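Beneath this line is the structure, given in structure tokens, with notes to follow.
Owing to the predicted nature of the structure, the values given are computational and were not obtained by experimental measurement.
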Amino acid sequence: MERVAIRRDIQYHQTQTGPLTLDIYQPAASADSGPAPVVLFVSGLPDVGVSNPLGCLFKEVEMFVSLARLVASSGMAAVTYSTRHPVDDIERVIDYLDTNAGALNVDVGRLGLWAVSAHVPIALRTMMSRPRTFHAAVLSNGLTLDGEGTAIAEVFRNYGLVNPCAGRTVDDLPTQVPLFLTRSGRDEIPGLNEALDRFCAAAITRNLPVTLVNHPTAPHCFELNADDAVSRTTIVQMLAFMRSHLSAPAGSPTRG
């Protein structure tokens, strides 16, 4: 992880109040290495309003930094980014990576999404809006879709946020994107696991390519809060899943 090359604060969009930037973590360079597949870490909440309590942008939070380093040390490029309008900005990041793939030495034809917790709904919405863009997605301890319940809407309402997947169902998801889902059995967020359980059942009923790992004793965000063998094994599985699905040749699936 210490040998990972990091290019920080690359401007991907200019707003009236200043630039939005991304960081790219790249595998240690080798003479024969070509463009690396890309894992995009989703920022599903606006940095404005959360930077004060956190003391930094989401892309600077140590969990994002450590996971991005880990992905890059596993042979894939990792991208984190700042955001003001999550729904629009993730689209801008993807377009920027596509346009500048050569200069960045990345293969956007092999693109995966990685999202945790409240960032997951933006990942789901983006897969719906770009159904043939992604090779895989890792969704960890995520807020998903309400379906017949209201728990997810209540979480967003309690934090004064708009639910980006309001009214959406599993039927709106692309059928060809493999999903890796993690579940913490002792998740403290009210209604999260109930919604996640319904999401998984609906995905299986629809015969979507879903992998689920349940950590029965872990709290929310097991990557941070459960330093045990099951957590470490699950993280290894997440990396292996993404690496496996991003190893396909560029150009498939078709971008859209």
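- Linking ILVMFWY residues whenever their side-chain heavy atoms come closer than 4.5 Å, directly or via other members, places Val39 and Ile235 in the same cluster.
- Both Val213 and Leu70 belong to a common hydrophobic cluster when Ile, Leu, Val, Met, Phe, Trp and Tyr are linked at side-chain heavy-atom distances under 4.5 angstrom.
- Proximity of Leu104 to Ile10: side-chain heavy atoms (C-beta onward) are separated by under 4.5 Å at one or more points.
- Between Arg183 and Asp197, at least one side-chain nitrogen of the basic residue sits less than 4.0 Å from a carboxylate oxygen of the acidic one, meeting the salt-bridge criterion.
- In this structure, OH in Tyr96 is found 15.5 Å from OH in Tyr81, a value given to the nearest 0.5 Å.
- Met242 has its side chain out of reach of Val71: every pair of non-hydrogen atoms, C-beta onward, lies at least 4.5 Å apart.
- Residue Ala78 comes nearest to Ala68 through the heavy atom pair CB-O, 3.6 Å, listed as atom of the first residue, atom of the second, then distance.
- Proximity of a side-chain donor or acceptor of Glu60 to a complementary backbone N or O of Gly55 within less than 3.5 Å is not detected.
- A side-chain donor-acceptor contact under 3.5 Å links Arg206 to the backbone of Asp171.
- At distances below 3.5 Å, not a single donor-acceptor pair connects side-chain atoms of Ser244 with backbone N or O atoms of Ala240.
- Under the 4.5 Å side-chain heavy-atom criterion for Ile, Leu, Val, Met, Phe, Trp and Tyr, Met128 and Val93 are members of the same hydrophobic cluster.
- In this structure, Phe41 and Asp23 have side chains that are not in contact, with every pair of non-hydrogen atoms separated by 4.5 Å or more.
- Nearest approach of Glu223 to Asn141, heavy atoms of both residues: OE1-OD1, 4.4 Å.
- Between atom CG of residue Leu22 and atom OH of residue Tyr12 there is a gap of 7.5 Å, rounded to the nearest 0.5 Å.
- Applying side chain to side chain contact (heavy atoms under 4.5 Å, CB included) to Val108 and the options Thr133, Leu40, Leu97 leaves one that passes, Leu97.
- In this structure, CG in Leu145 is found 8.0 Å from CG in Asn163, a value given to the nearest 0.5 Å.
- Note on Leu67 and Val4: separate hydrophobic clusters, where clusters join Ile, Leu, Val, Met, Phe, Trp and Tyr whose side-chain heavy atoms are under 4.5 Å apart, directly or indirectly.
- The main-chain N or O of Pro164 is found under 3.5 Å from a side-chain atom of Arg125 such that the two form a donor-acceptor pair.
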Open item on the list: Before you tell me yes or no, could you show the steps for Arg84 and Thr15 under side-chain contact (heavy atoms from CB on, under 4.5 Å), namely the whole-Å CA-CA distance, both residues' side-chain angles and the distance that decides it to 0.1 Å?
Closed with: CA-CA 9 Å; Arg84 288 186 174 87; Thr15 74; 3.4 Å; yes
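- Ring centroids of Phe180 and His245 are separated by 6.0 Å or more, keeping the two rings apart.
- Using a 4.5 Å cut-off on side-chain heavy atoms (C-beta onward), Val61 and Cys56 make contact.
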Open item on the list: Go through it in stages, so that I can follow the logic: the residues are Gln237 and Thr211, the test is side-chain contact (heavy atoms from CB on, under 4.5 Å), and I'd like the CA-CA distance, side-chain angles, deciding distance and then a yes or no.
Closed with: CA-CA 10 Å; Gln237 290 175 300; Thr211 299; over 6 Å; no
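- Contact of the Lys59 side chain with the Phe64 side chain is not registered, since no non-hydrogen atoms from C-beta on lie closer than 4.5 Å.
- Across Met127 and Ala137, no two heavy atoms sit closer than the pair SD-CB, 3.9 Å.
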Task: CA sep, side-chain torsions, deciding dist, call: Val210, Phe199, side-chain contact (heavy atoms from CB on, under 4.5 Å) - done: CA-CA 11 Å; Val210 175; Phe199 178 91; 5.8 Å; no
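- Scanning all heavy atoms of the two residues, the minimum distance from His220 to Ser184 falls at N-CB, 4.3 Å.
- Using a 4.0 Å cut-off between charged side-chain N and carboxylate O, Asp89 and Arg92 make a salt bridge.
- Considering CG of Leu196 and OG1 of Thr144, their distance stands at 5.5 Å, rounded to 0.5 Å.
- Inter-residue side-chain proximity for Val42 and Thr126 is flagged as unmet; no heavy-atom pair is nearer than 4.5 Å.
- Scanning all heavy atoms of the two residues, the minimum distance from Pro121 to Cys165 falls at O-SG, 3.2 Å.
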- [ ] Please assess Ser82 against Asp47 for the test side chain to side chain donor-acceptor pair (under 3.5 Å), listing each intermediate value before the final yes or no.
- [x] CA-CA 7 Å; Ser82 60; Asp47 284 310; 4.7 Å; no
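- Note: Phe222 and His215 have tilted aromatic rings, judged against thresholds of 30 and 60 degrees for the angle between ring planes.
- From Ser247, atom OG reaches atom CZ of Arg110 across 7.5 Å, with rounding to the nearest 0.5 Å.
- For the side chain to side chain contact (heavy atoms under 4.5 Å, CB included) criterion with Cys200, the lone passing option out of Leu208, Leu179, Val170, Leu212 is Leu212.
- Looking at Leu239 and Trp114, their side chains come closer than 4.5 Å, going by heavy atoms from C-beta outward.
- A heavy-atom distance below 4.5 Å is not found between the side chains of Glu62 and Leu224.
- We find the NE2-CD1 distance between His119 and Ile90 to be 11.0 Å, quoted to the nearest 0.5 Å.
- The two residues Ser117 and Ile189 have their closest heavy-atom pair at OG-CD1, 4.4 Å.
- No donor-acceptor pair under 3.5 Å is formed between the side chain of Asp98 and the backbone N or O of Ile94.
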Task: Steps toward side-chain contact (heavy atoms from CB on, under 4.5 Å) verdict (Arg232, Asp227) - done: CA-CA 7 Å; Arg232 290 188 286 274; Asp227 184 9; 2.6 Å; yes
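- Hydrophobic clustering keeps Val162 apart from Val87 (ILVMFWY residues linked when any side-chain heavy atoms are closer than 4.5 Å, directly or through intermediates).
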